[in-house]
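Data block below; observations after.
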Amino acid sequence: ILPSILKQKHSMVFIPSYFDFVAVRNLLLKREIDFVSVTEYSRNSEVTRGRARFLQGLKPLLLYTGRAHFFHRHMIRGVSHLVFYSVPEYQDFFADFVNNLDSRSESNEGGGEEAQL
């Protein structure tokens, strides 16, 4: 699934477990893949900078942990493609992310169709 995620810009991977996050992050670092991450341990400046780079398209991939969402409820804008590494621990998280998907698909350039999951 990783090659298909990397072909698309504005992809967010939600990872409920920090241990799984570390494994995915290390894999991406090993393969020298450009990404940004938001965790519960990230400083506010890191989160702000990462979200801005993701929204501007400078970083095509965002890793986001479940605990970061639980404690901070960051609004991540610009997400066109959403991947759940595993099922969220709380059912409300699923609705939070799906409702915040960017409704413009890159393929139709704002034609009004909803983004595909």
Side-chain angles (χ1 to χ4, degrees):
I1 191 164
L2 185 60
S4 63
I5 294 172
L6 296 177
K7 290 179 185 176
Q8 304 166 345
K9 281 193 169 188
H10 299 282
S11 298
M12 182 175 95
V13 179
F14 175 78
I15 307 171
S17 164
Y18 187 77
F19 297 110
D20 290 334
F21 164 77
V22 171
V24 171
R25 181 195 63 195
N26 290 342
L27 174 71
L28 294 175
L29 289 172
K30 184 177 179 182
R31 293 188 181 188
E32 298 180 357
I33 296 172
D34 205 18
F35 71 97
V36 66
S37 62
V38 175
T39 71
E40 63 273 22
Y41 302 115
S42 301
R43 293 187 309 267
N44 285 337
S45 60
E46 293 172 329
V47 172
T48 303
R49 187 173 30 253
R51 288 171 47 196
R53 289 178 179 167
F54 177 73
L55 180 61
Q56 295 168 0
L58 300 174
K59 301 287 183 175
L61 180 63
L62 170 73
L63 301 182
Y64 189 58
T65 65
R67 287 177 53 93
H69 190 67
F70 181 83
F71 289 116
H72 304 290
R73 302 286 172 145
H74 297 291
M75 289 296 288
I76 308 294
R77 295 182 308 166
V79 177
S80 296
H81 308 282
L82 177 62
V83 177
F84 287 93
Y85 188 79
S86 65
V87 180
E89 195 170 325
Y90 298 98
Q91 64 186 11
D92 297 343
F93 288 6
F94 183 79
D96 290 347
F97 295 126
V98 172
N99 290 334
N100 287 325
L101 280 174
D102 190 5
S103 62
R104 296 169 295 152
S105 174
E106 289 179 19
S107 61
N108 66 18
E109 296 180 12
E113 293 182 30
E114 292 189 27
Q116 297 178 1
L117 294 177

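The backbone N or O of T39 lies less than 3.5 Å from a partner atom in the side chain of S42, making a donor-acceptor pair. In terms of modelled atom types and a separation under 3.5 Å, the side chain of H10 and the main chain of H81 share no donor-acceptor contact. A donor-acceptor pair under 3.5 Å is formed between the side chain of R51 and the backbone N or O of M75.
Across all non-hydrogen atoms, the minimal contact from F93 to P88 is CB-CB, 3.8 Å.
Side chains of V13 and L61 form a contact here, defined as non-hydrogen atoms less than 4.5 Å apart. The shortest distance between side-chain heavy atoms of I15 and L63 falls below 4.5 Å.
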T65 and E40: CA distance, side-chain angles, deciding distance, side chain to side chain donor-acceptor pair (under 3.5 Å) verdict: CA-CA 7 Å; T65 65; E40 63 273 22; 3.0 Å; yes
side-chain contact (heavy atoms from CB on, under 4.5 Å) between V87 and F94, worked out: CA-CA 8 Å; V87 180; F94 183 79; over 6 Å; no
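Between Y18 and F21, the two ring planes are tilted [angle within 30° to 60°]. By the 30° and 60° cut-offs, the orientation of the rings of F14 relative to H69 is perpendicular.
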Only distances under 3.5 Å count here; give the side-chain donor-acceptor pairs of residues 22-35 to other protein atoms, sequence neighbours excluded, each with its distance to 0.1 Å.
from	atom 1	to	atom 2	distance (Å)
N26	ND2	V22	O	3.3
D34	OD1	K59	NZ	2.8

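Note that CD of Q91 is 11.0 Å distant from CG of D96, once rounded to the nearest 0.5 Å.
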